[in-house]
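Ligands are counted one by one from 1 in listed order, and the atoms in each one are counted from 1 as well.
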Amino acid sequence: MTKYAETASRQGNDREWLAYRSGDLHVEDVPLSDVATAVQTPFYCYSADAIRSAYQCLAAALSPSEVSICFAVKANGNIAVLRLLSELGCGMDIVSGGELERALAAGVPASKIIFSGVGKTRAEIARALDVGIHQINVESAAEVAVVAEIARALGKRAPVALRVNPDVDAKTHAKITTATKESKFGIPIGDVADLYAEVAAMPELEALGIAVHIGSQIHDMAPYRRAFSAMADLVTSMRGRGLVVPRLDLGGGIGIASDDTVGPDIAEYAKIIAETVGYLGCELTVEPGRWLVGRAGLLVTELLYLKDIAGGTMGILDVGMNDLMRPALYDAHHPVLPLHEPRTAVAVPAYSLVGPICESSDKFGSYEGLGELRAGDLLAFDCAGAYGASMASTYNSRDLVAEVLVEGSLFRTIRRRQDIGEMLKLEQAGAWQVPARAGQGMAERASDGAVCTPMTVGAR
Ligand SMILES: *Cc1c(COP(=O)(O)O)cnc(C)c1O
């Protein structure tokens with residue numbers, strides 16, 4: 001176990017790596033304000049130790065059922081983070097060709113990568129087969145046909161699992177619920193066995209199992225029990241038909257605590273897995289994203305201005321919804337920690353914290369207990385290690401946020417800020433091109449001398 005290892009299986013106020021020392025907020029042994037002196041705000045800052053501890057805690061809880069862990073790269077795709085997890089033995093769950101390249105660049109073997117996602121392109125499927133991907137989680141009959149066609153063309157056998165839609169409501173935010181029957185994800189559970197039999201009969205496909213992922217930021221464990229039980233019943237009935245089902249992928253979605261609440265109990269999650277699917281003898285995999293990195297990162301910002309508004313004071317930050325999208329997209333509330341510990345004796349108002357973006361959804365919520373704020377103060381949004389930097393954009397032509405990793409008493413930039421100079425380089429216009437069809441038309445017209453009419457221009 002690492003220096004600040006979390007021993008509890010519930011994530012609550014157990015983060016020794018994040019603490020005020022002599023009034024300064026430290027990530028491991030690094031004062032965050034020292035990082036802010038070296039790296040311009042806003043930036044994300046992750047604790048290597050916190051990520052390792054989370055992985056080790058989950059791996060320990062799941063080890064009795066021999067469950068392998070594939071990190072959902074979309075939660076945090078920085079290759080330094082991926083490398084750190086990979087070194088611990090973690091595989092990866094990807095949802096795009098870009099994420100495949102990230103995982104490979106981080107040194108993750110293709111044999112430990114699962115390709116999920118509802119809309120894989122032909123180029124992405126071909127690349128995955130080419131590098132020897134561990135498994136493609138296929139989401140429709142149409143995708144089965146395309147994967148088979150590409151495998152045939154490449155002379156390969158594609159390792160396929162079918163993603164099941166079990167019609168289970170994960171009881172989480174509507175925007176991160178993925179397994180009700182109206183959702184775009186997966187194959188309706190009643191159709192899976194027939195399609196699987198077709199896959200098993202195709203020489204260019206290897207039918208390896210079934211997969212499920214019911215949603216994200218899940219705190220109530222009951223939907224997991226329902227979904228995994230449904231998967232167990234499905235495996236049993238498929239085997240009853242003579243189908244071979246060696247692998248079972250249980251997806252991710254475990255929620256994390258924020259503020260002073262405690263998160264879902266990992267021991268309970270592990271117990272549900274053991275009880276519902278443990279007896280099947282399948283190779284089991286889970287695909288957590290948020291749980292491994294969410295509580296391991298902060299987003300550091302500077303307070304630019306204070307402004308009085310009806311009913312209180314507003315703090316305008318140098319961080320916006322483009323840098324941390326979760327509050328605007330999912331109504332998420334991230335705790336805020338001042339980099340210098342507030343003096344508790346002073347009675348202070350609540351502050352409404354907002355970003356600089358020209359959108360009224362660019363706000364982070366109302367915060368108490370921050371002490372008396374002044375322009376120039378540094379603050380950190382907590383629990384921002386997942387779906388923070390990976391969702392950041394350059395909206396409003398703002399720099400793409402930087403990322404920093406702390407390890408003991410050292411820190412380093414693991415993604416430097418992308419500034420407007422770099423963005424503008426991509427917009428140097430190319431030469432005007434003649435569309436292929438117009439080109440043909442022009443060649444014909446050149447030969448017969450006809451004039452271009454509105455009809456020929458508009459024709460498709
Ligand atoms: C997003 C996603 C995950 C990870 O979800 P978390 O809530 O971050 O654990 C796992 N599997 C699939 C298929 C996903 O789309």
Side-chain angles (χ1 to χ4, degrees), residues 11 51 54-55 57-58 61-62 67-78 81-82 85 90-96 98-100 102-103 113-120 124 128 133-140 143 161-166 168 170-180 183-187 209-221 223-224 227-228 231 247-258 263-264 266 269 273 284-297 325-326 329-330 332 383-391:
Q11 294 180 323
I51 297 172
Y55 178 81
C57 173
L58 186 62
L62 295 173
V67 182
S68 39
I69 302 174
C70 284
F71 173 62
V73 171
K74 73 176 189 281
N76 187 326
N78 189 292
V81 170
L82 302 185
L85 282 165
C90 191
M92 299 291 150
D93 173 63
I94 57 159
V95 292
S96 74
E99 288 189 354
L100 175 58
R102 284 189 171 279
I113 303 176
I114 294 177
F115 195 175
S116 301
V118 72
K120 307 174 194 78
E124 288 173 326
I133 198 109
H134 175 67
Q135 179 174 307
I136 302 182
N137 289 355
V138 173
E139 301 224 8
S140 65
E143 190 188 342
L162 295 185
R163 172 153 174 195
V164 179
N165 181 329
V168 167
K171 300 273 187 284
T172 179
H173 192 281
K175 286 186 181 157
I176 42 179
T177 294
T178 58
T180 56
S183 125
K184 69 175 180 178
F185 298 102
I187 298 156
I210 53 175
V212 71
H213 170 70
I214 61 172
S216 199
Q217 186 59 321
I218 297 169
H219 284 257
D220 176 1
M221 294 288 111
Y224 276 128
F228 298 167
M231 294 296 276
R247 295 185 192 164
L248 181 52
D249 176 346
L250 300 171
I254 321 160
I256 55 166
S258 65
I266 285 305
Y269 176 71
I273 292 177
L284 300 176
T285 303
V286 290
E287 302 167 345
R290 187 189 316 273
W291 202 87
L292 291 176
V293 295
R295 285 169 60 82
M325 204 180 178
R326 299 190 64 258
L329 191 59
Y330 307 125
C383 301
Y387 304 103
S390 66
M391 288 187 127

| task | Report, in ascending order of atom number, the atoms of ligand 1 lying under 4.0 Å from any heavy atom of Arg163. | result | 13 (C)

| field | Numbered atoms of ligand 1 (with element) below 4.0 Å of Arg290, judged on heavy atoms | value | 6 (P), 8 (O), 9 (O)

| message | If we set the cut-off at 4.0 Å for heavy atoms, which region of Tyr387 has an atom near ligand 1: side chain, backbone, both, or neither? | response | side chain

| How close does the nearest protein non-hydrogen atom get to atom 11 (N) of ligand 1, and which residue and atom is it? | Glu287 OE1, 2.6 Å

| remark: If we number the atoms of ligand 1 from 1 as shown, the ones under 4.0 Å from a heavy atom of Pro288 are 9 (O)

| field | Contacting atoms of ligand 1, where contact means under 4.0 angstrom from a heavy atom of Ser116 | value | 13 (C)

| query | Looking only at heavy atoms, what is the nearest atom pair of Ile254 and Tyr224, with distance? | reply | N-OH, 3.0 Å

| said: I want to check something: taking the side chain as every heavy atom from C-beta on, are Thr285 and Gln135 in contact at a cut-off of under 4.5 Å? | reply: no

| request: For atom 7 (O) of ligand 1, find the nearest protein heavy atom and state the residue, atom name and distance (0.1 Å precision). | output: Ser216 OG, 2.3 Å

| task | With the side chain counted from C-beta on, respond yes when Ile114 and Arg247 share a heavy-atom pair under 4.5 Å apart, and no when they do not. | result | no

| Which atoms of ligand 1 have any heavy atom of Asp93 under 4.0 Å away? | 10 (C), 11 (N), 12 (C), 13 (C)

| request: For Ser116 and Arg163, test the side chains for any donor-to-acceptor distance below 3.5 angstrom and give the result as yes or no. | output: no

| task | Number the atoms of ligand 1 from 1 as they appear, then name those within less than 4.0 Å of a heavy atom of Gly289, with their elements. | result | 4 (C), 6 (P), 8 (O), 9 (O)

| note | Correct closest heavy-atom pair for Met221 and Tyr269 would be SD-CB, 4.0 Å

| task | Report yes if the side chains of Ile94 and Ile133 come closer than 4.5 Å at any heavy-atom pair, otherwise no. | result | yes

| request: With heavy atoms only and a cut-off of under 4.0 Å, state how Ile218 meets ligand 1: side chain, backbone, both or neither. | output: neither

| said: Quick one, Ile69 and Tyr55 - any side-chain contact, counting heavy atoms below 4.5 Å? | reply: yes

| For ligand 1, which atoms, with element, lie under 4.0 Å from some heavy atom of Gly253? | 5 (O), 6 (P), 7 (O), 9 (O)

| Taking NZ, NE, NH1 and NH2 as the nitrogens, is one of them in Glu99 or Lys74 under 4.0 Å from a carboxylate oxygen of the other? | no

| query | When only distance counts, is Lys74 in polar contact with ligand 1, meaning an N/O pair under 3.5 Å? | reply | yes

| said: Side chain, backbone, both or neither: which applies to His213 and ligand 1 if a contact is any heavy-atom pair less than 4.0 Å apart? | reply: side chain

| query | Do Met92 and Cys70 come close enough that some side-chain heavy atom pair is under 4.5 Å? | reply | no

